[in-house]
Chemist: 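This is the structure, below, for whatever I ask next.
All values derive from a computational prediction rather than experimental measurement.
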Amino acid sequence: MANHLSVITTTYNAEQYVEESIRSILQQTHSDFEYVVVDDGSNDGTLARLENLNDPRLRVILGGRIGRSRALNLAWQSSQGTLIAIQDADDLAFPDRLEVQLQIMKQEPHIAVLAASQILINEEEEYSRLVPQGGTVAVRDMTEYLQHFNPISHTSLLIKRSVLEAVYGYDENLECVVDWDLYVRLVARGFRVYECKKPLVLKRIHRHQYFEAKNRFSYVVTCAKIQAKAISCFGGNPLRFTWLMPWFVYRLLPRNFRMRLRFTMQKFLDK
């Protein structure tokens, strides 16, 4: 039986971006999917934006203020797909994103966790029309990078439902970095994390994101804990732990400086 695809999005006070984000999925070249959106207790105009989207594939669940991890779990557990695609509420997908990723999984059935390269954009940049990007469809294994940082674009993730079930989904005790934690737990269970080198998503960096808007120090501490767990998953080489402090300091740097470094790092990964 062919894989059935579900796309999931969680929203919280995302009125500025959510409608454009969801439309970028609804207008995909691959159109056979269900779309489950869980609203995490928005108190702005997010729900009004969602009401503008009239599509039979779309189902909106009002989850109340339950937090990011629980909202993600509610979304995929409420879906029917054997494959789950993630779309973050403030990002954009290129029109062929789903088509390309599904084709890769069909051709390489051993892949259970597949992301895609991303193009980072600032909050000031607006893209009203998506133009397919160049780049090779070649796939690379990104698992080893998880010891140092999170190289995986969560908004580009396509993952088998059985894999999510194997690790019980997202950790509901975490308030942030829930995607990196998920990948590390997948590695601990023996899964590999792959990425399509072709850019398939636009990742928006803006000041309202959790790691920019509040609890900066808590975010940095959580990152350090997950990085230490990742290093342990790869055998706990003592030399790897020496990287914890430089990354800790980096994550505390002023936003503008970090963003310049992040854009540079993305260019390095794209090579």
Chemist: List the atom of Val163, the atom of Leu186, and the distance in Å for their closest heavy-atom pair.
Modeler: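 Shortest heavy-atom contact: CG1-CD2, 3.2 Å.
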Chemist: Going from CD on Gln103 to CD on Glu108, what distance comes out if it is rounded to the nearest 0.5 angstrom?
Modeler: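 Rounded to the nearest 0.5 Å, the CD-CD separation comes out at 10.5 Å.
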Chemist: Evaluate Arg204 against Asp88 for salt bridge (Lys or Arg N to Asp or Glu O under 4.0 Å), listing each step before the verdict.
Modeler: CA-CA 10 Å; Arg204 198 186 303 273; Asp88 288 347; over 6 Å; no
Chemist: Could you tell me whether the side chain of Ser69 and the main chain of Glu172 form a donor-acceptor pair under 3.5 Å?
Modeler: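 Answer holds: no.
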Chemist: Say whether Val221 and Met245 are linked into one hydrophobic cluster, either directly or through other cluster members, by side-chain heavy-atom distances under 4.5 angstrom.
Modeler: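 Looking at the clustering, Met245 is in the same group as Val221.
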Chemist: Would you say Asp171 and Leu182 make side-chain contact, with heavy atoms under 4.5 Å?
Modeler: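 When only atoms from C-beta onward are counted, Leu182 and Asp171 do not touch, as no gap falls below 4.5 Å.
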Chemist: Do the non-hydrogen side-chain atoms of Arg70 and Leu74 ever get within less than 4.5 Å of each other?
Modeler: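 Side-chain contact under 4.5 Å: no.
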Chemist: Pick one: which of Leu158, Leu98, Val7 meets side-chain contact (heavy atoms from CB on, under 4.5 Å) with Leu83?
Modeler: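 The option that passes is Leu158.
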Chemist: Quick check: do Asn150 and Val177 have side-chain heavy atoms less than 4.5 Å from each other?
Modeler: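 In short, these two side chains do not touch, never coming nearer than 4.5 Å.
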Chemist: Got His148 and Arg240 here, is their nearest side-chain heavy-atom distance under 4.5 Å?
Modeler: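 Heavy-atom side-chain distance check passes, below 4.5 Å.
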Chemist: Identify the residue among Thr10, Asn13, Thr11 that makes a side chain to side chain donor-acceptor pair (under 3.5 Å) with Asp39.
Modeler: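 Result: among Thr10, Asn13, Thr11, Thr11 is the only option passing the side chain to side chain donor-acceptor pair (under 3.5 Å) with Asp39.
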Chemist: Starting from Phe217, can I reach Ile226 by hopping between I/L/V/M/F/W/Y residues whose side chains sit under 4.5 Å apart?
Modeler: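 Yes, Ile226 connects to Phe217 through the hydrophobic network.
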Chemist: Output yes when a side-chain donor or acceptor of Arg57 lies under 3.5 Å from a complementary backbone atom of Ser31, and no otherwise.
Modeler: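 Yes: the side chain of Arg57 pairs with the backbone of Ser31.
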Chemist: So, does Thr143 use its side chain to make a donor-acceptor pair with the main chain of Val193 at under 3.5 Å?
Modeler: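 Answer holds: yes.
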Chemist: Hey, quick one: are Tyr12 and Trp76 part of the same hydrophobic cluster, counting side-chain heavy atoms closer than 4.5 Å, chains of contacts allowed?
Modeler: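 Hydrophobic grouping puts Tyr12 apart from Trp76.
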Chemist: Tell me whether the centres of the aromatic rings in Tyr194 and His110 are closer together than 6.0 Å.
Modeler: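 Distance test on ring centres: under 6.0 Å, yes.
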Chemist: With rounding to the nearest 0.5 Å, note down the distance linking CD in Glu51 to OG1 in Thr46.
Modeler: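 Between atom CD of Glu51 and atom OG1 of Thr46 there are 11.0 Å.
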Chemist: Scan side-chain atoms only and decide if Ser79 and Arg161 contain a donor-acceptor pair under the 3.5 Å cut-off.
Modeler: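 Yes, a side-chain donor-acceptor pair sits under 3.5 Å.
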Chemist: For the backbone of Ala116 and the side chain of Ser156, can you confirm whether one donor and one acceptor N or O come within less than 3.5 Å of each other?
Modeler: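 The answer is yes, because a donor-acceptor pair under 3.5 Å joins these two groups.
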Chemist: Quick one: does any side-chain atom of Arg68 pair with a main-chain N or O of Val178 as donor and acceptor, under 3.5 Å?
Modeler: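 No, because the side chain of Arg68 does not come within donor-acceptor range (under 3.5 Å) of the backbone of Val178.
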Chemist: Calculate, to the nearest 0.5 Å, the distance between atoms CG and CD1 belonging to Leu157 and Ile8 respectively.
Modeler: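 Here the interatomic distance stands at 9.0 Å.
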Chemist: Just checking, is any N or O donor in the side chain of His30 or Arg97 under 3.5 Å from an acceptor N or O on the other one?
Modeler: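 The answer is no; no qualifying pair exists.
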Chemist: Which heavy atom of Asn52 sits nearest a heavy atom of Glu19, and at what distance?
Modeler: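 So the two residues come closest at ND2-OE1, 3.3 Å.
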Chemist: When you group the ILVMFWY residues by side-chain heavy-atom contacts below 4.5 Å and let the links chain together, are Val249 and Tyr219 in the same group?
Modeler: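 Yes; Val249 is reachable from Tyr219 via cluster members.
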Chemist: Specify the closest pair of heavy atoms between Trp180 and Gln227, including all atoms of both residues, with the distance to one decimal.
Modeler: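 Shortest heavy-atom contact: CH2-CB, 3.7 Å.
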Chemist: Less than 6.0 angstrom from the centroid, inside 45 degrees of the normal: does Arg49 satisfy that with respect to the ring of Tyr17?
Modeler: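 No cation-pi geometry.
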Chemist: Give the intermediate values and the outcome of side-chain contact (heavy atoms from CB on, under 4.5 Å) for residues Ile25 and Thr9.
Modeler: CA-CA 10 Å; Ile25 291 293; Thr9 292; 6.0 Å; no
Chemist: May I ask you to check whether Gln87 and Ser21 show a side-chain donor-acceptor distance below 3.5 Å?
Modeler: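 Judged by distance alone, the side chains do pair up.
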Chemist: Please test Leu50 against Ile22 for side-chain contact (heavy atoms from CB on, under 4.5 Å), starting from the C-alpha separation and ending with a verdict.
Modeler: CA-CA 9 Å; Leu50 293 176; Ile22 291 177; 3.4 Å; yes
Chemist: What are the two closest heavy atoms between Ala75 and Val36, and how far apart are they?
Modeler: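 Heavy-atom minimum between the residues: O-CG1, 3.9 Å.
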Chemist: Output, in order, the C-alpha distance, side-chain angles, deciding distance and verdict of salt bridge (Lys or Arg N to Asp or Glu O under 4.0 Å) for Lys203 and Asp91.
Modeler: CA-CA 5 Å; Lys203 172 66 179 176; Asp91 300 325; 3.4 Å; yes
Chemist: Over all heavy atoms of both residues, which pair between Ala115 and Ile152 is shortest? Give the atoms and the distance, please.
Modeler: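 The pair with the smallest heavy-atom distance is CB-CG2, 3.5 Å.
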Chemist: How long is the gap from NZ on Lys229 to CD on Gln147, to the nearest 0.5 Å?
Modeler: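 Answer for the NZ-CD pair, Lys229 versus Gln147, is 14.5 Å.
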Chemist: Between Thr82 (side chain) and His4 (backbone), is there a donor-acceptor pair under 3.5 Å?
Modeler: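 Side chain of Thr82 to backbone of His4, a donor-acceptor pair under 3.5 Å: yes, one is there.
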Chemist: Using 30° and 60° as the class boundaries, would you call the ring planes of Phe33 and Tyr35 parallel, tilted or perpendicular?
Modeler: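 Perpendicular, since the angle between the ring planes exceeds 60°.
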Chemist: Report the distance from atom CG of Leu174 to atom CG of Asp181, rounding to the nearest 0.5 Å.
Modeler: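 Rounded to the nearest 0.5 Å, the CG-CG separation comes out at 5.0 Å.
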Chemist: List the steps, then state whether side-chain contact (heavy atoms from CB on, under 4.5 Å) holds for Arg65 with Asn43.
Modeler: CA-CA 10 Å; Arg65 192 71 180 108; Asn43 54 27; over 6 Å; no
Chemist: Parallel, tilted or perpendicular, judged at 30° and 60°: which one describes the rings of His154 and Tyr183?
Modeler: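 If you compare the ring of His154 with that of Tyr183, the planes turn out tilted.
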Chemist: Hey, any chance Phe248 and Ile231 share a hydrophobic cluster, counting ILVMFWY side chains that come within less than 4.5 Å of each other, even indirectly?
Modeler: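 No, it is not one cluster - the side chains of Phe248 and Ile231 are not joined through contacts under 4.5 Å.
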Chemist: Taking only Lys NZ, Arg NE, NH1 and NH2, and the carboxylate oxygens of Asp or Glu, determine whether Asp96 and Lys198 approach each other closer than 4.0 Å.
Modeler: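 Salt bridge present between Asp96 and Lys198.
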Chemist: What residues, two or more places apart in sequence or in another chain, satisfy side-chain contact (heavy atoms from CB on, under 4.5 Å) together with Ala228?
Modeler: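 Ala228 satisfies side-chain contact (heavy atoms from CB on, under 4.5 Å) with Phe241, Leu244 once adjacent residues are dropped.
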Chemist: Within this structure, what is the OG-CD distance for the pair Ser6 and Glu34, rounded to the nearest 0.5 Å?
Modeler: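 Answer for the OG-CD pair, Ser6 versus Glu34, is 3.0 Å.
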Chemist: Give me the atom names and distance for the closest heavy-atom approach of Met105 to Ile111.
Modeler: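 That would be CE-O, 3.8 Å.
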